[in-house]
*Asks:* 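Have a look at this one.
Residue numbers begin at 1 in each chain, while the letters A, B, ... track the order of the sequences.
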Amino acid sequence: MTKLLAISGVTIREALRQKLAVNLLVFALALVAASFMLSTLTFGEQYRVIVDIGLSAMEVFGTLIAVFLGAGLIARDIERRTLYPIIAKPVSRAEYVLGRYLGLVATTTLNLLVMAVVFAAVLAYYLKGLAFLRDTPFVAVIASMIVRFAVVGAIAAFFSCFTTATLSAIFTLSMVVAGLLSSDLVRYWAQQGPLARAVGKAAFVLVPNLEALNLKEAMVYKDAVPLSFALTGLGYGVLYAAAVLAFAVAVFSRRDLR
Amino acid sequence: MRSLALAFLTGLALLTLASVLSFRLAEAHLNKPYDVLHVPSGRAARVAALGHRTFVSDLYWLSAVQYIGERRTGKGKADQLGFDKLLPLVDLVTDLDPRHGYAYQTAGIVLSAAGRLHESDTILRKGMERGPPWWTFPYYISFNYWFYRGDLATAARYAEIAARKPGASANISHLAVSLASKSGTPEEAITLLQELKATVKDEVTAGRLDEQLKLAVLERDAQMLERAVAELEKQRGWPIATLEELVMARIIPAIPPDPFGGRYVWIGAERRVRSSVNSFRFELQEGGHQPGFHYQAPETNKERMLR
């Protein structure tokens, strides 16, 4: 456990030093804050514009941070050869991958919480109070985003175990797009023949169902999110990330590092 | 140090030149009316939104707001361009986010006020089928049928549907009964429009409703003046030439002001009172048809993509 914490601590420090991640965070914060100004362009539905822009900015930039940090998580250590002194110590490859991943999740969660605080401040200013914390599924939305970034981070870490940081980022972004389209594609395949349906189902299992972690519309319309629904989505995300991480450990354990 | 200052000054000079060009381009852009060049198909946009449908819907909604706002203020030539793109735009907004109730309502009111009744009905019917259960959608269709088409039977059916929606006031069921008995009055139109106005949250839509309120006031005043003319002619036994005769004969205390800023005139050949600046009058039509509840997109996605 101490080893995991030590590796994740190093990962957090490394991530906070990366200019790209910091720049993305600054852009996200600026966009969340600007959502209030953009909302004045509309008439009537100002709240929904603030929420839509704010949450979309958080989600897009949070995903990009998870992709770019995750893609270099292990691949960069191999490229720079900083991995060798670590695995020379009594640290298993599984502990190394898990420690790096935990550090990544802690970083994306920290970034998200910073964005969530700014978003909550904008909403509190517009709605003149914090009643939205009670009247909207704000907490459930943030929780679903934490898990969503953890899923994206796990995929990036998986690719990072056997390819370069650039390719890993490209593959992860492709998986994210596929994950966002998965429910549409299944609907499309369902209308085709039995073979296409089977392929559709297989693809649906393999790619992450990111729509299961999308509660933005509930926030826009102040819908109550049933606890069972939220827990099912979060449970799916945690299990999927854990599964991808297990594959990552398996691949990395077998990798020849010479 | 000197080379640094030289580089800085060169940069400053180039930036100034670039700014001049940029302002010139911005000015040219500002002089052009705001228009929407292409509206993608809702189906394609739903897929391309990648899980951010409400966000993309809002971006197109902001575009629709600018489109409506500029035509309302008559900025540049925008007011002459009409509202050709409003229905496709709001159709797209509501394809991306079918629960965007305010988009259906605003487009319905603006299109109706622009005289595009079929388009207004189309988007409001889509709202009734796919949108939130707002009473304002059938209520406004009822207004279109009643006030602009004089089709009281169809208007009554839509008013009945509105009366059954959550949040509808008792006035709507009274209106439905009144329309069904073919006695819908301008006073009821004024009440209806005032109720609608209470539901809108923006100046643009409220402005459109105010214009329609003026039409209802015009109709109320004209009907009152026509009754007074009939009464005076019955007393005298010969036709009147001008409305001022009504005041002189003390049938009415004064001629009410024209809400459009002109004055009321008596058209002897038509035997009707009209505004000197707005020719609108309510025309009653016989018969009517059943409300159709099958929303039909104004054009197919393929047609729109090819446009």
*Asks:* Hey, could you give me the OG/CG distance between Ser56(A) and Leu59(B), rounded to the nearest 0.5 Å?
*Replies:*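 It comes to 8.5 Å.
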*Asks:* At under 4.5 Å between heavy atoms, what parts of residues 209-231 of chain A are in contact with chain B? List them by residue number.
*Replies:*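 Residues Glu211(A), Asn214(A), Lys216(A), Glu217(A), Val220(A), Tyr221(A), Asp223(A) are the ones that qualify, each having a heavy atom under 4.5 Å from chain B.
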*Asks:* Identify the residues of residues 232-245 of chain A whose heavy atoms come closer than 4.5 Å to a heavy atom of chain B, ordered by number, or report 'none'.
*Replies:* none
*Asks:* Contact part of Leu62(B) toward chain A, heavy-atom cut-off under 4.5 Å: side chain, backbone, both or neither?
*Replies:*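 Just its side chain gets close to chain A.
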*Asks:* Could you check if a side-chain atom of His52(B) sits within less than 4.5 angstrom of a side-chain atom of Val60(A), using non-hydrogen atoms only?
*Replies:* yes
*Asks:* Could you state the interatomic distance from CZ (Arg48(A)) to OH (Tyr102(B)), rounded to the nearest 0.5 Å?
*Replies:* 12.5 Å
*Asks:* Identify the two heavy atoms, one from Val49(A) and one from Asp58(B), that lie closest to each other, and give their separation to 0.1 Å.
*Replies:* CA-OD2, 3.7 Å
*Asks:* Which residues in residues 146-157 of chain A have any heavy atom lying under 4.5 Å from a heavy atom of chain B?
*Replies:* none
*Asks:* Which donor-acceptor pairs under 3.5 Å do the side chains of residues 134-142 of chain A make with protein atoms, sequence neighbours left out?
*Replies:*
from      : atom 1 : to        : atom 2 : distance (Å)
Thr136(A) : OG1    : Phe132(A) : O      : 2.5

